[in-house]
Number of protein chains: 2
Amino acid sequence: MKDIEQLNHSIIEFYDKLSSWEHAVVREKNFSLAQIHTIEVLGSHGAMRMKELADRLGITTGTLTVQIDKLVNAGFIARRPHESDRRSILVDLTDSGRHLYREHDDLHLALTQDITANLNKDERRILQLCLSKMNNEF
Amino acid sequence: MKDIEQLNHSIIEFYDKLSSWEHAVVREKNFSLAQIHTIEVLGSHGAMRMKELADRLGITTGTLTVQIDKLVNAGFIARRPHESDRRSILVDLTDSGRHLYREHDDLHLALTQDITANLNKDERRILQLCLSKMNNEF
DNA sequence: AGCATATAGTTTGATAGTCAAAGTAATTGT
DNA sequence: ACAATTACTTTGACTATCAAACTATATGCT
C-alpha cells in the first residue's frame with residue numbers, strides 16, 4: 001500500500017475512534033452530541049451570534065434556535081442582545097455552562113494524555129507541528 | 001499554555017474540521033452521515049453480522065435494522081444468512097455499494113493529500129507513526 | 001434429553017435533530 | 001425612502017435514535 005493511503009486510513013481510523021469516544025462520553029452524561037458540541041464551540045470561542053454559531057456547527061439557524069432554547073432552559077446558555085445590531089442575538093455560556101465546558105474539556109485532556117503516552121518528546125513535537133499545519137490547510 | 005493542552009486542542013480542532021468536511025461531502029451527495037458510515041465500515045472490514053456492525057457504529061440493532069432496510073432498498077447492501085448461526089444475518093456491500101465505498105474513500109484520500117501537502121518526508125513518517133501508536137491506545 | 005436462559009435480529013412507540021420555507025424585525029445600499 | 005438583504009424564529013415534514021416488547025435460534029445446566 002502506498003504511504004499516502006496508509007496515512008489516509010490511519011486518519012480515518014483516528015477520526016472514527018475519537019468519534020466513538022465522544023459519543024460514549026456524551027451519552028454517559030445524558031447529553032446529546034449536538035448539545036455538547038454547542039457548549040464546546042461557545043466555551044472555546046466565547047459569545048457569538050446565532051448565525052455564526054450555526055455556521056460553525058454546520059446546522060441551519062432554525063435548528064439552532066431549538067437547540068439553544070433547550071440549553072437555555074437547562075441553564076447552560078443565556079441569550080443577550082447584540083450591542084450594535086438589534087437583529088442579532090448573542091449566545092453565551094452561563095457559569096453552569098462554563099463549568100460543563102471545563103469538565104468536558106478535562107475529559108478530552110485526559111484522553112489526549114492517554115493516547116499520547118507512548119510518544120517521545122520529538123514525536124510529540126512533530127505531531128503538534130503536523131496537526132497545526134493540517135488544521136491550516138482545511 | 002502547557003504543551004499537552006495545546007496538543008489536546010489541536011486534536012479537537014482537527015476532529016471538528018474532519019467532521020465538518022465529512023458532513024459537507026455526504027450532504028452534497030444526498031446521503032446521510034449514518035448511511036455513509038455504514039458503507040465505510042463494511043467497505044473497509046467486509047461482511048459482518050448485524051450485532052457486530054451495530055457495535056462498531058455505536059447504535060442499537062433496532063436502529064441498524066431500519067438503516068440497513070434503506071440501504072438494501074437503495075441497492076448498496078445485501079443481507080445473507082450466516083452459515084453456522086441461523087439467528088444471525090450477514091450484511092455486505094453489493095457491487096454498487098463497493099463502488100460507492102471506493103468513491104468516498106477516494107474523496108478521503110484527496111483530502112489527506114491536500115492537508116498533508118506541506119509536510120516533508122520526515123514529518124509525514126512521524127505523523128504516521130504517531131497515528132498508529134495513538135490508534136492502538138484507544 | 002429437556003427446559004431455562006441468553007443471544008440475534010425485527011418491530012413499535014416515543015423523542016430529538018434536522019431542513020426548507022415562510023414569517024417578523026432590523027439593517028444596508030442606492 | 002424604499003427595495004433588497006440579513007438575523008432570527010416558527011412551522012411542518014422527515015429521519016435517526018433508543019428502549020422495550022417480540023420472534024427465532026442457540027447454549028448451558030441438571
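Per chain, numbering begins at 1; letters A, B, ... match sequence-line order. Just so you know, these numbers use all the heavy atoms, side chains as well, and skip hydrogens, waters and symmetry mates.
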Trainee: In whole angstrom, what separates B/L33's CG from C/dT18's C1'?
Mentor: 12 Å
Trainee: Rounded off to whole Å, could you give me the CG-to-P distance for the A/L64 and C/dA16 pair?
Mentor: 17 Å
Trainee: C/dG17 phosphate, OP1 or OP2: any side-chain N/O from A/S32 under 4.0 angstrom?
Mentor: yes
Trainee: Please tell me which of A/I89 and B/Q35 maps to the more 5' nucleotide of DNA chain D, matching each residue to the nucleotide holding its nearest heavy atom.
Mentor: A/I89
Trainee: Any chance the side chains of A/S132 and A/Q128 put a donor and an acceptor closer than 3.5 Å?
Mentor: yes
Trainee: Name the nucleic acid region contacted by B/T63, choosing base, sugar-phosphate or nothing; use a 4.0 angstrom heavy-atom cut-off, strictly under.
Mentor: base
Trainee: Is a salt bridge present between B/R98 and B/D105, judged by a nitrogen-to-oxygen distance below 4.0 Å?
Mentor: no
Trainee: Within the structure, does a side-chain N or O atom of B/R49 lie under 4.0 Å from either OP1 or OP2 of C/dA8?
Mentor: yes
Trainee: Return the value, rounded to whole Å, for the distance between atom CZ of A/R27 and atom P of C/dA16.
Mentor: 12 Å
Trainee: Using a cut-off of 6.0 Å, state whether more than 12 heavy atoms not belonging to A/H99 lie near its atom NE2.
Mentor: no
Trainee: B/M48 or A/A34: which one's nearest nucleotide on DNA chain C is closer to the 5' end?
Mentor: B/M48
Trainee: I'd like to check B/H23 versus B/S19 (side-chain heavy atoms, cut-off strictly below 4.5 Å). Are they in contact?
Mentor: no
Trainee: Taking CD from B/E83 and P from C/dA8, how many angstroms apart are they, rounded to a whole number?
Mentor: 17 Å
Trainee: Does D/dT27 have OP1 or OP2 sitting under 4.0 Å from an N or O in the side chain of B/R86?
Mentor: no
Trainee: Report the distance from atom CG of B/N30 to atom P of C/dC19, rounded to the nearest whole Å.
Mentor: 13 Å
Trainee: Given that B/E52 and A/G58 both sit by DNA chain C, which one's nearest nucleotide is further toward the 5' end?
Mentor: B/E52
Trainee: Would you call B/D122 and B/R125 a salt bridge, taking side-chain N to carboxylate O under 4.0 Å as the test?
Mentor: yes
Trainee: Could one point to a donor on the side chain of A/R87 or the base of C/dT27 with an acceptor on the other under 3.5 Å away?
Mentor: no
Trainee: Separation of B/D69 atom CG from D/dA16 atom C1', in whole Å?
Mentor: 14 Å
Trainee: Just to confirm, is there a sub-4.0 Å distance from OP1 or OP2 of D/dC8 to any side-chain nitrogen or oxygen of A/T65?
Mentor: no
Trainee: Just how far, in rounded Å, is C1' of C/dG9 from CD1 of B/I59?
Mentor: 13 Å
Trainee: Rounded off to whole Å, could you give me the CZ-to-C1' distance for the A/F31 and D/dT17 pair?
Mentor: 18 Å
Trainee: Would you say a side-chain N or O of B/Q67 is under 4.0 Å from OP1 or OP2 of D/dT17?
Mentor: yes
Trainee: Starting at the 5' end of DNA chain D and moving along, which residue's nearest nucleotide shows up first, A/K51 or A/V66?
Mentor: A/K51
